[in-house]
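Take a look at the structure below.
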Amino acid sequence: MAILLYPPEVINEEFLIHLRNCVLKLKEEHPLKRWMKWIARPRSYGPKEQPTVEFLSGIITSQFNLITDLKIKQKIISILHQVPEHTMAEKMLKSYLYLMIGNITRSDNILRTFLRNPPLRNWKSTPESFSVYHRIARDHSEQIIKKLSRHPADRRTFGLFGMYLTNLYTDEVLLRHVAEYDTDVVESKLDLKYVEGLAPEFVRFLRLKSMDETRRIRALRKFHRYPWAMQSYWIWPFMEIDPLVSESLSGELQRLEKEDQLWFIYVMDNEKLADAFFKKSGKSFLPGRRQFLRTALKDREQFMLALFKLLEFGDIDAALTQETIDFLTHD
């Protein structure tokens, strides 16, 4: 299972050769053999996609901050109508293209929508198949991030976007590219109402994270400013909150269990919250959760989040391996 989930592009080539030699005699439908064929498959763009790839690659790698040529601008606008916003890569590409035709408001609004989503909603975005635009954006992520960060327009929204990635994502490639952008200017303005207005809950998350524990707990007790619903999605899984935990939180925990059980399982990583839930409800946390997670594997958006918890619980078997292969090799 570890081999399957580790990014194949960073696995030692010699190890992959040995692995290939081991699976050659396996049946074609064997999960490991299917995975080996999947990572070895050609990843080039098709002939119908090639003109779009070449055009967008030229725009992304150009030295310009604004496209003024009417024909090129019209072509970008035509492409913008086709670019979905299912994945973060697609959103970055679309934001960049709007910036290039001078529509700074539309560009920033795409990033603001992302920033205003709690992490769970953004993490769950996994479409049935990845569009050509997603692949182009992934291939050129370094250039897109660089162009977004260095544009002469107001970069506060992009600065927050970079901070969202560094605080709530683990994609090493994206983080390496974002790390080159200096967020000091944005960080110094987090207390401004204008900056808070760009992404209120995320900015409050950043402010709370910068506080020492005593100040943070004192602030979190101001429920009019930090309601339980906001805390359960933005604060509880990411910060030390033990002094805050009491049975008074059980109402929000019961709501989460009923309305968003997958996130409830993540929130229950905090032992004190699990104890508070048990004391108030009389129910143990674990019963039924494993079956829920197995069912959640059938939902592509929830697959990786459910898989992570099943692995954490130690529920690794042949069926889980098979379902993981099906998910990874889905085209």
Side-chain angles (χ1 to χ4, degrees), residues 5-7 9-10 60 83-100 104 106-127 130-131 133-151 153-190 192 195-211 230 233-239 263 266 301-305 308:
L5 294 174
Y6 201 69
E9 64 270 17
V10 294
I60 294 167
V83 181
E85 293 183 37
H86 299 310
T87 69
M88 182 169 58
E90 290 166 348
K91 291 172 184 175
M92 284 198 310
L93 175 62
K94 205 163 185 176
S95 176
Y96 167 74
L97 292 176
Y98 273 119
L99 201 59
M100 289 296 283
I104 298 170
R106 289 291 294 273
S107 173
D108 282 352
N109 282 345
I110 290 171
L111 298 183
R112 285 174 195 165
T113 299
F114 179 88
L115 292 170
R116 291 175 178 180
N117 285 337
L120 175 66
R121 189 180 301 175
N122 289 328
W123 291 346
K124 286 171 66 174
S125 183
T126 308
F130 293 109
S131 71
Y133 304 104
H134 169 88
R135 291 157 57 204
I136 292 170
R138 287 293 297 185
D139 289 345
H140 295 283
S141 60
E142 182 175 9
Q143 294 98 324
I144 291 173
I145 289 173
K146 189 177 294 183
K147 297 287 283 290
L148 282 169
S149 67
R150 295 180 179 177
H151 196 275
D154 185 337
R155 296 291 78 201
R156 277 175 285 195
T157 298
F158 177 79
L160 287 176
F161 176 75
M163 294 177 75
Y164 194 108
L165 297 186
T166 54
N167 279 277
L168 298 167
Y169 275 77
T170 57
D171 187 315
E172 291 181 8
V173 175
L174 282 176
L175 294 181
R176 186 167 64 249
H177 300 332
V178 171
E180 297 178 12
Y181 174 68
D182 186 357
T183 59
D184 287 352
V185 173
V186 179
E187 289 180 47
S188 67
K189 297 179 179 179
L190 288 178
L192 298 180
V195 175
E196 181 177 352
L198 298 176
E201 292 183 329
F202 176 56
V203 171
R204 290 171 196 160
F205 163 87
L206 292 174
R207 290 174 183 168
L208 286 163
K209 193 171 182 183
S210 68
M211 297 177 186
M230 177 271 182
Y233 283 97
W234 285 93
I235 308 301
W236 294 350
F238 305 110
M239 300 182 198
W263 192 240
Y266 272 80
E301 284 194 341
Q302 299 189 97
F303 184 93
M304 293 305 293
L305 289 166
F308 179 82

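We count residues from 1, following the sequence as given.
Rounding to the nearest 0.5 angstrom, the gap separating the CD1 atom in Ile110 from the OH atom in Tyr98 is 6.0 Å. Atom CE of Met304 is separated from atom NZ of Lys124 by 15.0 Å, given to the nearest 0.5 angstrom. With values rounded to the nearest 0.5 angstrom, Leu190 atom CG is found 13.0 Å from Arg204 atom CZ. Atom-to-atom distance recorded for Arg176:CZ and Ser141:OG is 8.5 Å, nearest 0.5 angstrom. For the atom pair His140 NE2 and Lys147 NZ, the distance stands at 11.0 Å (nearest 0.5 Å). Taking CG of Leu120 as the reference point, atom CD of Glu301 lies at 10.0 Å (rounded to 0.5 Å).
A donor-acceptor pair under 3.5 Å is formed between the side chain of Thr113 and the backbone N or O of Asn109. Side-chain atoms of Lys94 come within 3.5 Å of backbone atoms of Val83 as a donor-acceptor pair (strictly under, hydrogens ignored).
With contacts defined as side-chain heavy-atom distances shorter than 4.5 Å, the pair Thr166/Thr183 does not qualify. At a threshold of 4.5 Å between non-hydrogen side-chain atoms, the residues Arg138 and Thr87 do not count as touching. With a 4.5 Å cut-off on side-chain heavy atoms, Leu174 and Tyr169 do not count as touching. For the pair Leu111 and Leu160, the minimum side-chain heavy-atom distance is 4.5 Å or more. Counting only heavy atoms from C-beta outward, the side chains of His177 and Lys146 never approach each other to under 4.5 Å. You'll find the side chain of Ile104 stays beyond 4.5 Å of the side chain of Asp154, heavy atoms only.
Residues Tyr164 and Asn122 have side chains that bring a donor and an acceptor to within less than 3.5 angstrom of each other.
Contact between Pro118 and Tyr233 at its shortest, heavy atoms only, is CB-CB, 4.0 Å. In terms of heavy-atom proximity, Leu168 sits nearest to Phe205 at CD2-CZ, 4.0 Å. Nearest approach of Arg155 to Leu148, heavy atoms of both residues: NH1-O, 2.5 Å. The two residues Thr157 and Leu115 make their nearest non-hydrogen contact at O-CD1, 3.8 Å. Met163 and Asn167 get closest at one heavy-atom pair: O-ND2, 2.7 Å. Nearest heavy-atom pair, Glu90 versus Ser131, reported as atom, atom and distance to 0.1 Å: OE2-OG, 2.6 Å.
Using the six-membered ring where Trp is involved, Phe202 and Trp234 have ring planes that are tilted, between 30° and 60° apart. The aromatic rings of Trp263 and Phe238 lie tilted to each other, with the angle between the two planes from 30° to 60°. Note: Phe161 and Phe158 have tilted aromatic rings, judged against thresholds of 30 and 60 degrees for the angle between ring planes.
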#### Entry: side chain to side chain contact (heavy atoms under 4.5 Å, CB included) between Tyr96 and His151, worked out
CA-CA 10 Å; Tyr96 167 74; His151 196 275; over 6 Å; no

### Message
Test side chain to side chain contact (heavy atoms under 4.5 Å, CB included) on Asp171 and Met88; report intermediate values, then the result.
### Response
CA-CA 12 Å; Asp171 187 315; Met88 182 169 58; 5.9 Å; no

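In the displayed structure, Arg106 atom CZ is contacted under 6.0 Å by at most 12 heavy atoms of other residues, nucleotides or ligands.
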